[in-house]
Amino acid sequence: MNVFLVHGTMGKPFENWFPWLENRLAEKNICCNIPTFPTPAHQNYADWEKLMDFYCDLGVVNGETILIGHSCGAVFLVHYLLEHKIHVRGLICVSGYNNFISGFEMMDKLNESFYMNAQSIDVTPYADTVIGFYGDDDPNIPQRLLNDFATSIGGEVNCVPNAGHFNASAGYLSCPAVLDAVIRC
């Protein structure tokens, strides 16, 4: 088993709960890769897809991988799995959403190429375990969209009280729920 985490828009691998998760997994001898995906420059599906293809070609992402996507990283991973039809051990989406137009032009432009207009975004044919988490008080994304995304990917849905956007500004420098989800996969 190994873990591959994709951050969201304007994200970095060393923020929020990501380093904490990497350290907890290392204690359990589970390899965790958290690469930097380019943002804001080159944040589009085609460029992130090239980087993901690279990790798949190297064998870093394989049938024993648990993918974790935070925020826009979640919809990127769902889009990638559906398009490439690769099989992974698990997919954990944290504060994931699809087709959200915020009205903030820069953010909308950065995120739009990741979105899918497909009738179904159920990824259960491509992941043995699928788990979605979102906060009941996310200040960035409407609750309806968070719930719709977590439900539509086809797995377990977890609405967490007072979790905000599962980021540092919501107090998330650790995330035991995600660690537990990884262990369950």
Side-chain angles (χ1 to χ4, degrees), residues 1-23 25-26 30-100 102 104-118 121-133 140-141 149 153 155 165-168 172 175 178 181-182 185:
M1 172 188 347
N2 66 78
V3 172
F4 189 90
L5 192 151
V6 178
H7 61 75
T9 302
M10 307 299 278
K12 301 287 181 247
F14 48 81
E15 65 185 9
N16 302 319
W17 43 271
F18 310 155
W20 174 88
L21 180 66
E22 183 177 28
N23 289 333
L25 292 171
I30 299 171
C31 179
C32 180
N33 290 285
I34 311 173
T36 299
F37 278 74
T39 180
H42 297 282
Q43 182 178 323
N44 60 68
Y45 181 79
D47 286 349
W48 282 29
E49 177 185 34
K50 289 176 193 170
L51 189 52
M52 194 69 180
D53 287 344
F54 173 77
Y55 284 106
C56 288
D57 290 345
L58 281 178
V60 172
V61 175
N62 58 56
E64 287 300 311
T65 301
I66 299 166
L67 298 173
I68 301 174
H70 179 251
S71 195
C72 192
V75 73
F76 167 73
L77 288 173
V78 169
H79 191 157
Y80 189 88
L81 284 176
L82 291 172
E83 187 170 291
H84 292 268
K85 298 178 178 18
I86 64 169
H87 186 267
V88 294
R89 183 172 182 153
L91 173 68
I92 301 170
C93 293
V94 182
S95 299
Y97 56 90
N98 186 31
N99 294 321
F100 173 56
S102 68
F104 183 47
E105 186 177 344
M106 183 187 86
M107 291 297 281
D108 292 341
K109 185 172 174 47
L110 289 173
N111 294 337
E112 69 184 346
S113 69
F114 296 108
Y115 296 155
M116 299 163 290
N117 291 319
I121 60 171
D122 180 348
V123 293
T124 56
Y126 309 109
D128 295 336
T129 303
V130 178
I131 303 170
F133 290 96
N140 303 320
I141 312 297
F149 182 82
I153 60 176
H165 197 62
F166 278 89
N167 57 12
Y172 271 80
C175 195
V178 171
V182 168
C185 284

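The analysis underlying the following values was restricted to heavy atoms, covering all of them including side chains, and did not include hydrogens, waters or symmetry mates. Predicted model, so just to flag it, every value in this text is computed and none were measured.
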My understanding is that only residues two or more places apart in sequence, or in another chain, count here; which of them pass side-chain hydrogen bond (donor to acceptor under 3.5 Å, both in side chains) with Thr124? Asp122
Given the rule in the side chain to side chain contact (heavy atoms under 4.5 Å, CB included) test, do Ile141 and Phe149 qualify, once you have shown the distances and angles that lead to the verdict? CA-CA 11 Å; Ile141 312 297; Phe149 182 82; over 6 Å; no
Considering non-hydrogen atoms only, spot the tightest contact between Ile131 and Ile153 and give its length. O-CD1, 4.5 Å
In chain order, what residues pass the side chain to side chain contact (heavy atoms under 4.5 Å, CB included) check against Asn23, with sequence neighbours excluded? none
Given Leu5 and Trp17, is the side chain to side chain contact (heavy atoms under 4.5 Å, CB included) satisfied, shown in steps? CA-CA 11 Å; Leu5 192 151; Trp17 43 271; 3.7 Å; yes
Evaluate the side-chain proximity of Glu15 to Asn167: yes if any heavy-atom separation is below 4.5 Å, no if none is. no
Lys12 atom NZ: more than 12 heavy-atom contacts under 6.0 Å: yes
Nearest-0.5 Å distance that lies between atom OH in Tyr115 and atom OH in Tyr45: 15.0 Å
Name every donor-acceptor pair, under 3.5 Å, that has one atom in a side chain of residues 30-42 and the other anywhere in the protein, sequence neighbours excluded.
residue, atom, partner, partner atom, Å
Thr39, OG1, Met10, N, 3.0
Thr39, OG1, Gln43, OE1, 2.6
His42, ND1, Asp47, OD2, 2.9

Separation between CE of Met107 and CG of Leu110, rounded to the nearest 0.5 Å: 6.5 Å
Distance (rounded to the nearest 0.5 Å) between Leu21 CG and Tyr172 OH: 13.5 Å
For the student: nearest non-hydrogen atoms of Thr9 and Cys72, plus distance: OG1-CB, 3.5 Å
Can you list, pair by pair, the side-chain donor-acceptor contacts under 3.5 Å of residues 86-98, counting residues two or more places apart and other chains?
residue, atom, partner, partner atom, Å
His87, NE2, Asp128, OD1, 2.8
Arg89, NE, Cys185, O, 3.4
Arg89, NH1, Glu64, OE1, 2.7
Arg89, NH2, Cys185, O, 3.3
Ser95, OG, His165, O, 3.2
Tyr97, OH, Asn111, ND2, 3.2
Asn98, OD1, Met116, N, 3.0
Asn98, ND2, Met116, O, 2.9

Calculate, to the nearest 0.5 Å, the distance between atoms CG and OG belonging to Asn140 and Ser71 respectively. 7.0 Å
Of all residues at least two apart in sequence or in a different chain, which pass the side-chain hydrogen bond (donor to acceptor under 3.5 Å, both in side chains) check with Asn2? Thr65
Got Asn117 and Asn99 here, is their nearest side-chain heavy-atom distance under 4.5 Å? yes
Within this structure, what is the CG-OH distance for the pair Leu82 and Tyr126, rounded to the nearest 0.5 Å? 6.5 Å
Can the ring centres of Phe18 and His7 be said to be less than 6.0 Å apart? no
Residue pairs passing the side chain to side chain donor-acceptor pair (under 3.5 Å) test where at least one lies in residues 49-61, sequence neighbours excluded: Glu49-His84, Asp53-Tyr80
